[in-house]
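Heads up: numbering here begins at 1 and tracks the sequence. Indexing begins at 1, ligand by ligand and atom by atom, following the structure's order.
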Amino acid sequence: MTFAEKHGALHVEGVQLADEHGEAVRLCGMSTHGLAWRREFVCEETFRELRDVWGTNCVRLALYTAEHMGYCTGGNKQELFGLVRKGIDLAKELGMYVIVDWHVLDEKSPLVYADEAERFFDALAAEYAGCPNLLYEICNEPNKGTGWDEIVQYAERVIPVIRRHSPEAVVIVGSPDWSQHPDCALDQPIGFDNLLYSLHFYAATHRDGLRERVKRCLDGGVPVFISECSLTESTGSGTPDLESGEKWFGLLDSYGVGYIVWSLASSPETSAVIAPGCRKLSGWQDGEIKQTGLWFREKFRRK
Ligand code: IDC
């Protein structure tokens, strides 16, 4: 029986993600790099390798909205939607969970492309209504001046669009400052159930201060999900900080918080887990996996 067959539809109970039997479920896996320019990894052999060799149970599909031929800035919508569809269908076949990430970044506020987001999530949720494998991440990283009130306003537009088709679907919501402030939900939670609030950490940049914030959220009843993390600096480059990484995992493990690693790419960036120049889509030897990849693979495999 596959992981997703065993656990079925997920929901949020307190600060935990729980399965259809009410048991806690911890999702862990890799995020693709931007689908538009690293599409080769959205294939059966890669997902199978991530499941069987790396020990992951979830894949995140990062659909950039603005930069690099983003979905809302001249990207080929049909093709990009096709890639999303391919990723979801593969995850379903392999019994994995899958997060579709509306990768808000360059545009700063999710309100900029909110109309597009409504159209996208309407089509997606209609096609995958009731699909237990699929989680919806509606805004990767609001940033710069974007405040919580704008994010709430956006969430109140997009969540009902998804829930019209999939009333129980788990939705992941970002927060100000590149998804570093799920604590906004301590004072002002968004008025829907089955929500996870994302927090992103890059261990060489984000240390005790952010870890304490996560703890405060969890102790205060805000369900936090790490929908992006790496050991590197927040630029996606720089020297990986393993010591800070271990501290992060001390915290995440003690609360059973799920996590997704940035990113499944082969490039010189230290956060890209596959060595630059390696063209393989599976069967990577240790020498073809970068330090961050080997470190996280160890974490995935512990269970
Ligand atoms: C980075 C990619 C890099 C790309 C850049 C801009 O690694 O190749 O050029 O985006 O598109 C995030 C973002 C994520 C970033 C990542 C590293 O969600 O898109 O990816 N990061 O900077 N938040 C914090 C770090």
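Take A66 and apply the side chain to side chain contact (heavy atoms under 4.5 Å, CB included) test, not counting sequence neighbours, and it matches T73, D106, E107, Y113. Every residue meeting the side chain to side chain contact (heavy atoms under 4.5 Å, CB included) condition with Q78, not counting sequence neighbours, appears here in chain and number order: N76.
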So F81 and F120, ring-ring contact (aromatic ring centres under 6.0 Å, His included) or not? Walk me through it.
CA-CA 9 Å; F81 201 97; F120 172 78; 5.5 Å; yes

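Aromatic ring orientation, H33 versus W262: tilted (interplanar angle from 30° to 60°).
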Give one line per pair: atom of ligand 1, protein atom, distance. Only N/O to N/O under 3.5 Å.
| unit_1 | atom_1 | unit_2 | atom_2 | d |
| --- | --- | --- | --- | --- |
| ligand 1 | 7 (O) | W262 | NE1 | 3.1 |
| ligand 1 | 7 (O) | E269 | OE1 | 3.0 |
| ligand 1 | 7 (O) | E269 | OE2 | 2.9 |
| ligand 1 | 8 (O) | H33 | NE2 | 2.8 |
| ligand 1 | 8 (O) | E269 | OE1 | 3.1 |
| ligand 1 | 8 (O) | E269 | OE2 | 3.2 |
| ligand 1 | 10 (O) | Y64 | OH | 3.1 |
| ligand 1 | 11 (O) | Y64 | OH | 3.3 |
| ligand 1 | 18 (O) | H103 | NE2 | 3.3 |
| ligand 1 | 18 (O) | N140 | ND2 | 3.0 |
| ligand 1 | 18 (O) | E141 | OE1 | 3.4 |
| ligand 1 | 18 (O) | E141 | OE2 | 3.3 |
| ligand 1 | 18 (O) | E228 | OE1 | 3.0 |
| ligand 1 | 18 (O) | E228 | OE2 | 2.8 |
| ligand 1 | 19 (O) | Y64 | OH | 2.5 |
| ligand 1 | 19 (O) | H103 | NE2 | 2.7 |
| ligand 1 | 20 (O) | W262 | NE1 | 3.2 |
| ligand 1 | 21 (N) | Y202 | OH | 3.3 |
| ligand 1 | 22 (O) | S234 | O | 3.0 |
| ligand 1 | 22 (O) | T235 | O | 3.0 |
| ligand 1 | 23 (N) | E141 | OE1 | 2.8 |
| ligand 1 | 23 (N) | E141 | OE2 | 2.6 |
| ligand 1 | 23 (N) | E228 | OE1 | 3.4 |

Report all side-chain donor-acceptor pairs from residues 182-201 shorter than 3.5 Å, counting only partners two or more places apart or in another chain.
| unit_1 | atom_1 | unit_2 | atom_2 | d |
| --- | --- | --- | --- | --- |
| D183 | OD1 | H181 | ND1 | 2.9 |
| D183 | OD2 | H181 | ND1 | 3.4 |
| N194 | OD1 | V12 | N | 2.9 |
| Y197 | OH | I190 | N | 3.0 |
| S198 | OG | V173 | O | 3.3 |
| H200 | ND1 | E141 | OE2 | 2.7 |
| H200 | NE2 | S227 | OG | 2.7 |

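For Y71 and W102, the gap between ring centers is short of 6.0 Å.
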